[in-house]
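Structure record follows, encoded as structure tokens.
Here the structure is a predicted model, which is why all the values come from computation and not from measurement.
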Amino acid sequence: MMQFQNKVKILGAKSVDFKTEDGRHYNHVALYCEIPLDQSQGNTVGNACEIFNWQDSTNLVLLRQHKFPLEANITFEAVTTGKSMKYVVKHVELPPVNKA
């Protein structure tokens with residue numbers, strides 16, 4: 001198992017919960033995260049936005065209490081199909097909620 005933790009800036013989030021006609025069920029929160037662009041080729045600068053799926057659409061309730069953008073520690077797991085690799089969100093450690 002290849003897991004790692006990163007501090008990530010979450011720009012926004014969207015709840016996804018639907019079933020397709022073929023019976024597949026999609027249920028997650030799409031986390032829109034700022035990540036640095038690969039500058040090794042010399043043709044990019046700055047950052048981009050990548051979407052990572054956090055299981056269970058009810059996790060949106062945990063995010064509603066925060067102001068965005070926010071920084072969180074996210075534990076990722078790298079998985080592969082044998083041809084391509086992707087990162088699965090295993091855990092999101094949100095900052096304490098500011099009571100104002």
ILVMFWY network linking Ile51 to Val29, side-chain heavy atoms under 4.5 angstrom: no

Under 4.5 Å between side-chain heavy atoms, hopping through other hydrophobics if needed: is there a path connecting Leu11 to Ile35? no

At what distance, to the nearest 0.5 angstrom, does [atom1] of [X] lie from [atom2] of [Y]?
X	Y	atom1	atom2	value
Asn27	Lys19	CG	NZ	10.0 Å
Glu93	Lys7	CD	NZ	9.0 Å
Asn47	Leu37	CG	CG	6.5 Å

Among residues at least two apart in sequence or on other chains, which ones pass side-chain contact (heavy atoms from CB on, under 4.5 Å) with Glu77? Met1, Gln3, Val79, Lys90

Contact summary for [X] and [Y], nearest pair of heavy atoms:
X	Y	result
Thr75	Gln5	OG1-NE2, 3.5 Å
Ile10	Ile74	CD1-CD1, 4.4 Å
Leu94	Leu70	CD2-CD1, 4.0 Å
Ala72	Val92	CB-CG1, 4.1 Å
Ser15	Leu60	CB-CD2, 3.6 Å
Glu34	Val8	O-CG1, 4.5 Å

Do His25 and Asp17 pair up side chain to side chain, a donor and an acceptor below 3.5 Å, judged on atom types alone? yes

All pairs passing ring-ring contact (aromatic ring centres under 6.0 Å, His included) where residues 31-71 contributes a residue, at least two apart: Phe52-Phe76

